[in-house]
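Shown next, in structure tokens, is the structure this report addresses.
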Amino acid sequence: MTRIVPTSDPHRPDPLPRTVYRARGGGEVIDCHPREVSQLLAEGGPLWVDIDSTVRSQHALLEKVFHFHPLAVEDTLNPNSRVKIEEYEGFLFIIIRGVSLASGTDDPYDLETKDLYCFLGSNYLVTVHAGPMESVDRISDVIRRSPDLLNRGVERVLHAILDDTVDAYFPILEQIDAFIDGLEERVFVEFDDTALRDLFQVKRLVLSLRRYLQPSREVMNVLTNRPSTLITPEVQIYFRDIYDHVLRINDALDTYRELLSSTMDSYLTQVSNRLGTTTKALSLVATMSLPFVVVSGMWGMNFSHIPLSAWPHGFWLLLVVQLGLGLLLLCYLRWRRWL
Amino acid sequence: MTRIVPTSDPHRPDPLPRTVYRARGGGEVIDCHPREVSQLLAEGGPLWVDIDSTVRSQHALLEKVFHFHPLAVEDTLNPNSRVKIEEYEGFLFIIIRGVSLASGTDDPYDLETKDLYCFLGSNYLVTVHAGPMESVDRISDVIRRSPDLLNRGVERVLHAILDDTVDAYFPILEQIDAFIDGLEERVFVEFDDTALRDLFQVKRLVLSLRRYLQPSREVMNVLTNRPSTLITPEVQIYFRDIYDHVLRINDALDTYRELLSSTMDSYLTQVSNRLGTTTKALSLVATMSLPFVVVSGMWGMNFSHIPLSAWPHGFWLLLVVQLGLGLLLLCYLRWRRWL
Amino acid sequence: MTRIVPTSDPHRPDPLPRTVYRARGGGEVIDCHPREVSQLLAEGGPLWVDIDSTVRSQHALLEKVFHFHPLAVEDTLNPNSRVKIEEYEGFLFIIIRGVSLASGTDDPYDLETKDLYCFLGSNYLVTVHAGPMESVDRISDVIRRSPDLLNRGVERVLHAILDDTVDAYFPILEQIDAFIDGLEERVFVEFDDTALRDLFQVKRLVLSLRRYLQPSREVMNVLTNRPSTLITPEVQIYFRDIYDHVLRINDALDTYRELLSSTMDSYLTQVSNRLGTTTKALSLVATMSLPFVVVSGMWGMNFSHIPLSAWPHGFWLLLVVQLGLGLLLLCYLRWRRWL
Amino acid sequence: MTRIVPTSDPHRPDPLPRTVYRARGGGEVIDCHPREVSQLLAEGGPLWVDIDSTVRSQHALLEKVFHFHPLAVEDTLNPNSRVKIEEYEGFLFIIIRGVSLASGTDDPYDLETKDLYCFLGSNYLVTVHAGPMESVDRISDVIRRSPDLLNRGVERVLHAILDDTVDAYFPILEQIDAFIDGLEERVFVEFDDTALRDLFQVKRLVLSLRRYLQPSREVMNVLTNRPSTLITPEVQIYFRDIYDHVLRINDALDTYRELLSSTMDSYLTQVSNRLGTTTKALSLVATMSLPFVVVSGMWGMNFSHIPLSAWPHGFWLLLVVQLGLGLLLLCYLRWRRWL
Amino acid sequence: MTRIVPTSDPHRPDPLPRTVYRARGGGEVIDCHPREVSQLLAEGGPLWVDIDSTVRSQHALLEKVFHFHPLAVEDTLNPNSRVKIEEYEGFLFIIIRGVSLASGTDDPYDLETKDLYCFLGSNYLVTVHAGPMESVDRISDVIRRSPDLLNRGVERVLHAILDDTVDAYFPILEQIDAFIDGLEERVFVEFDDTALRDLFQVKRLVLSLRRYLQPSREVMNVLTNRPSTLITPEVQIYFRDIYDHVLRINDALDTYRELLSSTMDSYLTQVSNRLGTTTKALSLVATMSLPFVVVSGMWGMNFSHIPLSAWPHGFWLLLVVQLGLGLLLLCYLRWRRWL
Ligand SMILES: [Mg+2]
Ligand SMILES: [Mg+2]
Ligand SMILES: [Mg+2]
Ligand SMILES: [Mg+2]
Ligand SMILES: [Mg+2]
Ligand SMILES: [Mg+2]
Ligand SMILES: [Mg+2]
Ligand SMILES: [Mg+2]
Ligand SMILES: [Mg+2]
Ligand SMILES: [Mg+2]
Ligand SMILES: [Mg+2]
Ligand SMILES: [Mg+2]
Ligand SMILES: [Mg+2]
Ligand SMILES: [Mg+2]
Ligand SMILES: [Mg+2]
Ligand SMILES: [Mg+2]
Ligand SMILES: [Mg+2]
Ligand SMILES: [Mg+2]
Ligand SMILES: [Mg+2]
Ligand SMILES: [Mg+2]
Ligand SMILES: [Mg+2]
Ligand SMILES: [Mg+2]
Ligand SMILES: [Mg+2]
Ligand SMILES: [Mg+2]
Ligand SMILES: [Mg+2]
Ligand SMILES: [Mg+2]
Ligand SMILES: [Mg+2]
Ligand SMILES: [Mg+2]
Ligand SMILES: [Mg+2]
Ligand SMILES: [Mg+2]
Ligand SMILES: [Mg+2]
């Protein structure tokens, strides 16, 4: 079982965690030193701390400053933690899986995933991930440009990040749509064997996405519908929007699964059909040979007395006989519905 | 992700939204200017506004006059929004999918769908769609001819529109029924390969319809059974009628799916059977050739001493021998149950 | 969508609806004129009215005398209404599907179905159907012979009719049992191709029955378990008996489905096996021909110098050689496990 | 629909029902005359009556002495009643299905089943079955040997009988285990066709057992968990033990179903593989014949001028040519990946 | 049905059960004699007793000292008891299945399982197993080294043992992952027949693991979510962690099942494809032979008058004719799409 191991480089200071704090009076504190986080937390204004779990001094904040439950902290070091939502005393703990198609590799169906861990308290949001994470970067940019979002409460920041993470499925869906169109063309029109391998790989991609998305449904359902002191009904409407997107993605994945199944079935039906047709052609050829094998064989035997052998038109007569026998045989097999 | 983009043509005024208003005193206002809608809304009589989301000034009413939640307004611009029902403070938001068979294209199985977005308040109904929508046109005609329906309340107008939208499934079901009858004929009687492609397409059509209908079940269930200040129990009985239709359509689609599966299975069984029969015929032909290949081959060899070659009846004897060997072989294979 | 159209023959009076009424004092009124029904209804004794929906004056009673909800009345004119139970104010509305095997047609698997619509009020039962219906006739005879059943309350009359309707499944189940036994014989023993078509048809018959029965489960469940002012717990025990029968029929249909699937699988396995065996026989024959084709072909060539051609025993030597080569080849293929 | 018909032999008295009664003072009454049962019942000590439903005077007790509901009494005459539990006023009615492998028949997979009907009141237990039933015999022996079990209450007697009836599944499971081991050996190692028929029959046996067991789950669940005035929580713990056994049997049956499926799949895969291999061998043989058919055929034609025919080494040259052509052809087909 | 039979060796004393007791005053008692357990239990400090059910004097403690319900004690003697959790008066009874890959046997897919039975009271934990059990040994070592865990309560000891038992699935999952990678290589690249047998065995391994894990879900769910006087909400958070692991293992097993299915499907598709290709090659060879069989046969017949036989270039002309006919035939079959 691989684990994320927070490390510390002795030769240069650890990078600072990203922090944004809005004081009650209106002042703003950005990217403060870990030591100050504890003080900001006590002041009670909305605070967002974004932690890179591979940096030891950042990860230490979870335990030392926020005093999160050790089981939750343990989960942030497991890159394969399940997508889930858990209530602890005083905070909600959410794990969501970010997805993207790996652009660096040859294989176009390579899915890259990374877990995002969120701690939501009454006045703080802590996000944790191993290394950089695109959706967090984007929301961080928005908040640094305008204080608006953070002013609405940390739960709206959580919403923005989760929304961005779930939206990352849509371009992948479009890519899959394109893959399937191409595959149908190759299977139905070109009858291309190699298409099958791709077909299996796209199917596996769809199944993977579904596996990560499925538990997100439960997470969004809880955020939308379970009464909570941390999320007001007004904000729950925003989570309902993400919930709706998750359902839509799920619908699309189901559709893709059906399309791929149908394409596969259709391919196998075509293989069966072709095999039947080929076998029929083979039988036809064999049947047409039969009278020649029989009659020519007979007259090719070395006997001193061979019927018709001296008759000048014997050769032509037998040609007619052979063709006639072939025709008769063919009609017989057709009549017996064997061909 | 495609989006509906409301536009405005600078050279001529935007078309007006369709509006029908019944004053408490009994007067009626029809197709008023967007500016007046706000006033009618305040007066409190039943008001229906029908908006084409591709027209900018019409779509603007949603936000500026009705002050709907931005998430709901955002959904009206997404042509692929999921079928759903959502409660917001003061109004219900419903998305339903209208379906029809595209008459313009060559492909007879082409399904056209368009989302209809409905906002139901205590005294107003706002319907939104991109471009013209048949079911809305029909109900609009009814209301313009007689004030009866609107007098019974805006929820009865909503019922009429949803009922008409769901009823649009029935002619498609009849069409599918006809398709399946034709396909069974082609598959079972004519054993027509090209029927398979159609079969897969009808199956896809059925699956699509089911995908759109399935969430309608939940919508109608909520409208029928969940207590609401906007819909009285007397009106809920009407929504129960639509719910019943949705269930009936669902039953029919399930039946079609089973019939198509069964037709497909039957086809594949026939392919298997034919392959077996053809192979058997092939074996028979090969078996019948064997003694001739063997015996004629032997006597066709150029030896100076060939048994029976000088005997006058040798030719005929060997013919008998060959036929006898063939028969023997055949019996042997039959006895071993190999043929 | 077909509809039942109530008609009236101008040349002769409409047939009367069947009515049975038991006055509180003990008197009985049978088959009264529609005009009197309204009065009997007001008197409050148990009243059963049986209406043929194809007769206009009978069908009119639903609206004019009983004032049933228009949506329920509308359903009685749709011959394909779904099996269901609906509560309206003051009455229960039940639709059940009667089934029978069509005796008039050639096809032994032809299922005939007819909807029965029941309105149960506190002191009345109204049954509606298009044309004659056997189960209603039978219960009508019972009641006319003895007043006992009606005295126990209209809900017991409803029970008797529903029980009789559901019992009609049992002879069909026995018929299906006989079909399946015959099919297994034909498939397993006689390996009869045409059996497959029947197999598919019986499967379709089973699926149809299941489709009609499935919703009956819900109906009986509601009648048995939902508290109601119209049905006392003592009578609910009787509906539980029908519920139990519905479950038993359902068990049997599931069993038949499994048996048919298994028969089909077994058939396909046999087809596969036979194909393999036949191909093996074909290979054997081809293999046995090979040395003769090769050797006889060689010695049949017209060269002036052919080895052994002048040796007196050449012919017999080569016969041995050919047989030996055939044996060797056979052993080789067996050893490679190709045959 | 077969029915149990209670009969009475006019020439000799009906056999007595088995009865065991424990008086409050400590006395015991065993196998009393039907007339006395009514009196024992009134005295209020624990009473067990075991009735053979094929004996008229015994079966009459149900109605005349115990006054059970006619619907429950009717069920005891139907040998195919569903496994179920029903609450009536004053008693619980339970139907369970006893199973055993028929030892008398040739077919080792023959399942024999018999319904057991139990009426549990506050101070009595009545068991009903058609003809002798092993599990009841066994418990009867226990009780006659020692009064212990009956002293603990009639519900403990019910538990003992149901436990014994469910335990009868375990030896059948072991038998099935042995069947499957034998079948795997025959299918995987001996590739035995006839094994398939047995495989289908064992599968059918497993499905039958599951059909009878499935509803037992619900019965035991109710006995274990539903609060009842007839069964105390202390005794419910004993029914939970049977419930657990039912779940265990169900697990085992699921496992067997999977194993049989897997064996079947594996068999079909092997059939496919063999067919492919055989066809390949066939192609190889045909390919090897081709150059000989062509070349020997050419040189076997009767022309006066045949190339090389007079050259002494022509024969051997052509042999080399034919073998070379065969090799070339083989390489070509391999290179095209056709073989 | 095998049973664990506790035995006693008359020639040497029974081994002692493992016991750890922490007195309220702070003292610790380790591995005391069975006679003292009863006294420790009464003192009320946290007590863990670990019992080997194959040793008679140890197993007797369950009944004689702890007075557990006889049904629970009976279950500890059945090595195939179902994974479950049951509430008895005063204690919880939990059965969990420990798994490991058998290292001693040749077959790498051999799964070894052993039941662990746990009795949790307010101040004691009793664990029972037949022979040594690794997870219990490990936790025992931890507790003997430091009193920390036992001080936190017996429910934390239970958590530690269950956690260790469930964690044993992870290395097996990794092993399965490696198996599947190897199998895919063998199936896709090497097209290895013997891989299929392994594939079926890994599938069976996955299904077995799932069968044992599935009920663990329910057990952990109850421990996590059902309010209990024996487990505080603070400790339930720890059981939630195991629950989460169980879900993760379940996800992984589902994934493996899908991968194995997909590999199998892909294999079968390849078999079908190859069969089609081989048959096509076979048809091609047969078709190419046909004109030679026909024409050479004709001219090989022994007639005195054979067309062209005296013409010097006859031989070469016919060669051209034969090749031409072959080409024509090929084109015809291609045009008819038979080849
Ligand atoms: Mg996951
Ligand atoms: Mg979004
Ligand atoms: Mg958004
Ligand atoms: Mg999950
Ligand atoms: Mg939205
Ligand atoms: Mg959709
Ligand atoms: Mg869609
Ligand atoms: Mg298949
Ligand atoms: Mg949808
Ligand atoms: Mg409608
Ligand atoms: Mg309507
Ligand atoms: Mg209706
Ligand atoms: Mg239908
Ligand atoms: Mg239905
Ligand atoms: Mg229907
Ligand atoms: Mg009945
Ligand atoms: Mg009855
Ligand atoms: Mg009954
Ligand atoms: Mg049954
Ligand atoms: Mg049953
Ligand atoms: Mg038992
Ligand atoms: Mg027992
Ligand atoms: Mg037990
Ligand atoms: Mg098990
Ligand atoms: Mg097991
Ligand atoms: Mg763990
Ligand atoms: Mg752990
Ligand atoms: Mg289980
Ligand atoms: Mg964890
Ligand atoms: Mg996973
Ligand atoms: Mg995963």
Q) From B/E155 CD over to B/T232 OG1, what is the distance, rounded to the nearest 0.5 angstrom? A)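 Answer for the CD-OG1 pair, B/E155 versus B/T232, is 5.5 Å.
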Q: Mind checking side chain to side chain contact (heavy atoms under 4.5 Å, CB included) for B/T277 and listing every partner two or more places apart, or none if nothing turns up?
A: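 So B/T277 forms a side chain to side chain contact (heavy atoms under 4.5 Å, CB included) with A/W338.
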Q | Engaged part of C/H69 at the chain B interface, taking heavy atoms whose separation is under 4.5 Å | A |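 Just the side chain, heavy atoms under 4.5 Å.
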(Q) Please classify the contact of C/L284 with chain B as side chain, backbone, both or neither, using a heavy-atom distance under 4.5 Å. (A)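 Contact with chain B is through the side chain of C/L284 alone.
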Q: Go through the side-chain N and O atoms of C/D198 and C/Y109 and say whether any donor and acceptor fall under 3.5 Å apart.
A: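 Checked: C/D198/C/Y109 side chains pair up, N/O donor to acceptor below 3.5 Å.
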Q: Anything in residues 317-326 of chain C with a heavy-atom distance to chain B below 4.5 Å? Please list those residues in order.
A: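 Listed by number, the contacting residues are C/L318, C/L319, C/Q322.
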**Q.** chain C contact via B/L173 - which portion, at a heavy-atom distance below 4.5 Å
**A.**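 For B/L173, neither part sits under 4.5 Å from chain C.
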(Q) Need one label for B/L333: side chain, backbone, both or neither, based on atoms under 4.5 Å from any heavy atom in chain C. (A)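 Side chain only.
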Q: For chain C, find its close neighbours in residues 261-271 of chain B: heavy-atom separation under 4.5 Å, sorted by number, or none.
A: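 Against chain C, the residues of residues 261-271 of chain B that fall inside the cut-off (heavy atoms, under 4.5 Å) are B/S262, B/D265, B/S266, B/T269.
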Q: Using heavy atoms and a sub-4.5 Å threshold, report which of residues 286-302 of chain B line up against chain C, by residue number.
A: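 Checking residues 286-302 of chain B against chain C gives B/A286, B/T287, B/L290, B/V293, B/V294, B/G297, B/M298, B/W299, B/G300, B/M301, B/N302.
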Q) Applying the side-chain contact (heavy atoms from CB on, under 4.5 Å) test to B/F239, which of B/I242, B/D241, B/I237 qualifies? A)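 Looking at B/I242, B/D241, B/I237, the match for B/F239 under the side-chain contact (heavy atoms from CB on, under 4.5 Å) is B/I242.
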Q.
Could you check whether atom CZ of B/R138 has more than 12 heavy atoms from other residues, nucleotides or ligands sitting under 6.0 Å from it?
A.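 Yes.
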Q. Is B/Q214 atom CD crowded by more than 12 heavy atoms from other residues, nucleotides or ligands, each under 6.0 Å away?
A.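 Yes, because the 6.0 Å sphere around CD of B/Q214 holds more than 12 heavy atoms from other groups.
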